[in-house]
Amino acid sequence: MPKLNLTRREFLKVSGTSLFLAGLPLPGFTKDKPPGTISVIMLEGGMDGLTAVPPFGDPNLSKMRNSLTPDNYLKLNSFFGLHPSFQYFSGLMAKNNASIVHATNFPYILRSHFEGQNLMQGGGLSPFSETSGWLGRSLELAKLPGRSLSLDMPLILRGTDRNDNFYPASIRSSSNLKTKLIDMISMFHSKEGSSVFKKVSKKSAQKDSIVPRDPASLAKYAGKAMSQEGGPLSSVIKVTQFDTHANQGADEFGKHGKLLKLVDEIIAGYREGLGDAWDNSIILTLTEFGRTVRVNGTWGTEHGYGSAGLLAGGSITKSRVISKWPGLAENEQFEKRDLMSTIDYRSVCAACIEKSLGLDHDIIADKVFFTPELPRVYDYIFS
Amino acid sequence: MNEQFRIAHKLGLMFLHDTPLPKDVKAWTISQLHAKSPALGIKKIQISTKTEPKEWPKSHQPDLLERDNMFSTYKYNRKREEMGLDGHTSEAAKRDNERKNLLGKLDQLKFAHRNVYGDDQVKLRFTAFWANHFTTGNIWDNQNHIGHAIDEAILANLNGNFAHMLYKMTTHSSMLTYLDNCWSCGENSQEAIWARKDGFQAGLNDNLGRELLELHTVSPTAKYTESDIKNAANVLAGWGIWPGRITGDDELLSTEQRHKKLYEMGGTINSWDFFKKTHAEPGTKKVLGKVIPAGKGGLKHLTDFLSSHEHTINYISFKLAQHFVNDNPSKADVDYIKKAWKTGNGNLDQIHTAVIERAISSKEPKFQWPMTWLFQVVRLSGATYFKGWDELEVYNRGVMDAREIFEELGQSFWHERQPNGYPLDKREWLSGEMFERRIRFADAIYTAGYPTSNPDEIMDRIGANETTRNLVNSLSRRKDQFIALMCSPELMGLENA
């Protein structure tokens with residue numbers, strides 16, 4: 001199918017986006033269905049929260065990063081604006097179906113992508129301490145075997161070996177998979193190899209589906225799958241290239257702005273795909289760190305600390321900007337360079353897990369994030 | 001597997017189906033470190049008669065200057081297209097511009113050919129390790145330079161010193177572009193002072209300075225500070241020139257005009273030694289306690305210092321052991337490599353020899369990367385699975401372009417990806433989809449590549465183990481046998497059931 005092939009390449013090269021679906025109840029599974037679905041959009045490279053949600057009410061914003069702030073931001077209230085790339089998201093805010101958490105991050109201050117990404121997915125207490133992810137552990141606690149849609153298995157979903165994945169191939173000269181052959185290969189492999197080939201075998205019995213590869217279509221596909229009876233309860237989409245050290249741009253045509261537009265399209269795709277299941281859904285963004293307050297020497301920004309998180313879904317019934325604003329003056333910045341983080345984003349993730357999977361906050365705090373004293377922010381988001 | 005193939009599996013790409021096997025395989029492996037490395041390949045696929053691999057023609061291997069010129073021409077043509085100039089806006093003109101001036105497709109084919117036809121398999125495996133260690137993914141359109149960096153900064157320097165390779169990679173356009181250094185200047189540089197006077201933005205970009213410490217040398221265990229990172233970036237400020245458009249706005253330069261401008265900026269047109277004095281940060285800098293002098297020579301001081309740093313030796317010795325010896329290397333394995341590193345003052349021959357010795361003495365299987373596995377399957381079977389260099393623009397019903405193959409495989413040095421490279425242990429590769437690719441590619445190689453050896457012959461030659469033989473013999477169709485053999489635990493580097 002050359003056409004699909006081309007779209008796929010386009011998707012891989014241009015957007016660097018991948019989709020993962022998880023939390024697929026097994027047939028005959030008797031546990032009550034959890035209250036909703038949870039989807040994560042991972043923004044890899046460090047999303048600039050001050051560009052995405054400019055705090056125009058802070059007098060230092062225009063002083064310190066004029067060239068990074070769009071002139072045509074949408075006004076959310078007397079203090080916070082929204083980047084013009086978020087057209088769809090702004091509509092959801094108007095409908096009380098979306099919120100923003102600002103000046104927030106995982107408690108990680110060392111500004112390494114790889115440590116930061118490991119923490120935001122693993123949810124551990126220090127980088128590389130966990131071999132499973134916070135969403136995978138949550139699904140395991142809720143006793144929901146999962147399935148993901150991707151070539152690899154991202155850390156965030158690891159934590160249950162009942163997880164599976166799916167990602168259509170397009171390889172010339174290869175014929176349909178033969179279940180018997182794969183079963184035989186699986187039989188001769190040991191535990192880990194065998195269990196992975198078993199998943200391939202299971203897939204060989206299913207019909208190949210054609211999924212367009214642009215981020216919005218992927219999100220729509222994920223939303224639709226989650227809306228179905230017995231469908232997955234969780235999905236993860238990854239958007240890469242937020243690491244804009246040079247030529248970051250300000251408006252919707254700049255480098256960062258174009259990526260924010262992708263995020264907006266992904267949220268719109270979810271909305272369309274979820275249909276009636278939108279009412280019980282929550283979608284949240286995740287990034288390893290924000291970016292420096294000041295523009296650097298090459299019209300970009302360096303790795304920072306605090307950023308913003310975007311939340312959308314029918315589970316939200318009142319839109320708001322949740323923030324304990326730290327200020328942008330130099331003495332208010334973290335190490336005189338970054339936006340301070342005043343809200344632990346793990347609390348936000350915990351609230352979304354509590355809402356969607358029906359787990360108790362104390363259990364999430366202890367067993368998912370290993371931090372029994374993790375503050376509960378559920379009421380700020382969902383009441 | 002017999003000892004020859006067990007070692008070729010771990011440290012090489014498998015003996016070609018018609019090559020005699022060495023008697024003393026350990027001595028052979030070590031001698032491989034000095035094998036000659038011409039870029040071997042084929043001009044055209046010929047199924048009926050066997051094609052003898054030949055060296056790639058010079059016309060298909062442009063040197064760095066030509067690569068820069070082609071890339072710059074490509075970028076200025078893109079600008080002409082944007083400006084709507086006659087002869088530059090049609091689809092045909094755009095395709096022509098890509099075909100004539102971009103090298104990613106050609107270089108990926110050459111890389112595949114080297115790995116399939118090369119007589120230097122052990123060197124190629126070490127090259128892949130270092131190409132991954134010094135990841136330069138395709139960002140800011142640096143596709144014309146990735147292949148050059150792999151061949152000239154890594155493969156060509158495998159018998160030298162780590163410090164030299166580090167310096168050559170750090171100063172290569174592929175790296176300076178990928179991690180944004182071309183545009184960086186010191187806060188107190190002449191450039192920054194001019195810019196401030198005119199109300200423009202100019203200053204430091206710490207991307208490469210940070211990754212030089214975190215990924216290429218000492219790693220976070222060295223507990224460097226933000227100030228160390230900033231100072232490393234200050235040492236790097238001034239290095240590099242983006243080989244694309246070097247002028248703003250609507251100014252269109254010919255190659256000659258561009259060269260004239262390069263001489264003014266850096267005193268040379270050699271992009272591999274390009275230092276803009278006006279962008280350099282004056283004064284000495286301190287990185288991890290070491291004082292680095294100002295000026296162009298400062299970087300060599302820094303890379304030399306970092307390459308012999310205890311944390312660099314620890315970190316990279318572990319990575320080498322994890323890639324070649326075992327997913328969870330023992331302390332003894334890592335210590336052995338560290339010792340060789342220190343004894344030889346970073347001499348790569350000594351380091352690689354130590355890796356070879358540990359990999360041979362460890363009897364544990366080692367899971368192989370998708371690309372390594374694919375090359376091994378093609379070499380073992382004698383299949384012809386990559387197009388010839390003359391067939392780059394020719395559609396082939398059975399065989400995809402090298403670029404497409406790597407894309408479907410989910411692994412390529414030309415992908416747009418993060419600077420930490422591909423994982424060295426199996427954990428992230430253990431997914432149904434990744435394993436499904438192995439089945440499909442084994443199928444495609446059998447179907448479209450016309451292997452010269454059948455599964456029985458391959459099993460006899462490699463001395464396949466009992467499990468592999470039982471698996472293959474449980475199937476009756478030749479093709480199924482071939483797929484099962486290539487996806488057996490033995491050839492994937494996993495445990496038997």
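The structure presented is a predicted model; accordingly, all values stated were derived computationally and were not measured. Throughout, a chain's letter reflects where its sequence line sits, starting with A, and its residues are numbered from 1.
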If we count only N and O atoms by modelled type, under 3.5 Å, do the side chains of Asp443(B) and Ser175(A) hold a donor and an acceptor together?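 Side-chain D/A pair, Asp443(B) to Ser175(A): present.
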Does a donor on one side chain sit under 3.5 Å from an acceptor on the other, for His245(A) and Asp180(B)?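 Per modelled atom types, His245(A) and Asp180(B) side chains form no pair under 3.5 Å.
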Please classify the contact between Lys198(A) and chain B as side chain, backbone, both or neither, with a heavy-atom cut-off of under 4.5 Å.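 For Lys198(A), no heavy atom lies under 4.5 Å from chain B.
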Identify which part of Ser194(A) has an atom lying under 4.5 Å from any heavy atom of chain B, answering side chain, backbone, both or neither.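 For Ser194(A), neither part sits under 4.5 Å from chain B.
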Evaluate the side chain to side chain contact (heavy atoms under 4.5 Å, CB included) criterion for residues Met492(B) and His189(A): first the C-alpha distance (whole Å), next the side-chain angles of each, then the deciding distance (0.1 Å), finally the verdict. CA-CA 10 Å; Met492(B) 286 180 66; His189(A) 274 264; 4.1 Å; yes
[atom1] ([X]) with more than 12 external heavy atoms under 6.0 Å:
X         : atom1 : answer
Lys230(B) : NZ    : no
Lys255(A) : NZ    : yes
Tyr450(B) : OH    : no
Arg245(B) : CZ    : yes

Looking only at heavy atoms and a cut-off of under 4.5 Å, which of [options] has the most pairs with chain A?
options                                    : result
Thr447(B), Thr225(B), Asn496(B)            : Asn496(B)
Ser488(B), Ala484(B), Gly398(B)            : Gly398(B)
Arg397(B), Gln418(B), Glu191(B), Glu214(B) : Gln418(B)
Glu187(B), Glu490(B), Glu211(B)            : Glu211(B)
Asn420(B), Leu494(B), Val399(B)            : Asn420(B)

Sequence neighbours excluded, which residues qualify as salt bridge (charged side-chain N to carboxylate O under 4.0 Å, His left out) partners of Arg65(A)?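 Scan of Arg65(A) (salt bridge (charged side-chain N to carboxylate O under 4.0 Å, His left out), adjacent residues dropped) gives Asp48(A).
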Nearest heavy atoms of [X] and [Y], plus distance in Å:
X         : Y         : value
Ile182(A) : Ile439(B) : CG1-CD1, 3.7 Å
Asn470(B) : Phe188(A) : CB-CE2, 3.6 Å
Leu177(A) : Glu436(B) : CD1-OE2, 3.4 Å
Leu110(A) : Arg210(B) : O-NH1, 4.0 Å
Phe114(A) : Pro419(B) : CZ-CG, 3.6 Å

Could you give the distance from [atom1] ([X]) to [atom2] ([Y]), rounded to the nearest 0.5 Å?
X         : Y         : atom1 : atom2 : answer
Ser474(B) : Lys180(A) : OG    : NZ    : 7.0 Å
Arg172(A) : Asp401(B) : CZ    : CG    : 7.0 Å
Met187(A) : Leu471(B) : CE    : CG    : 8.5 Å
Ile185(A) : Met486(B) : CD1   : CE    : 11.5 Å
Arg111(A) : Ile229(B) : CZ    : CD1   : 8.0 Å
Ser174(A) : Arg437(B) : OG    : CZ    : 9.5 Å

Check step by step if side chain to side chain contact (heavy atoms under 4.5 Å, CB included) holds for Cys487(B) and Phe197(A). CA-CA 10 Å; Cys487(B) 297; Phe197(A) 274 116; 4.1 Å; yes
Between Lys191(A) and Glu495(B), does any NZ, NE, NH1 or NH2 come within less than 4.0 Å of an OD or OE carboxylate oxygen?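 No, Glu495(B) and Lys191(A) are not salt-bridged.
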Check this for me, if you would: do Glu226(B) and Arg337(A) make a salt bridge, where the nitrogen-to-carboxylate-oxygen distance has to be below 4.0 angstrom?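 Here Glu226(B) pairs with Arg337(A) in a salt bridge, since their nearest N and O are under 4.0 Å apart.
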Non-hydrogen atoms of chain A under 4.5 Å away: do they reach the side chain of [X], the backbone, both or neither?
X         : value
Thr467(B) : both
Cys185(B) : neither
Val472(B) : neither

Answer whether the closest heavy-atom distance between the side chains of Lys178(A) and Arg477(B) falls below 4.5 Å.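 A side-chain contact exists here, since the closest heavy-atom pair is under 4.5 Å.
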Backbone N or O of Ile171(A) within a donor-acceptor pair of the Glu408(B) side chain at under 3.5 Å?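 No, the answer is negative, given that no donor and acceptor are paired below the 3.5 Å cut-off.
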Go through Glu302(A) and Asn205(B) one step at a time and tell me if the side chain to side chain contact (heavy atoms under 4.5 Å, CB included) criterion holds. CA-CA 7 Å; Glu302(A) 313 286 9; Asn205(B) 184 316; 4.0 Å; yes
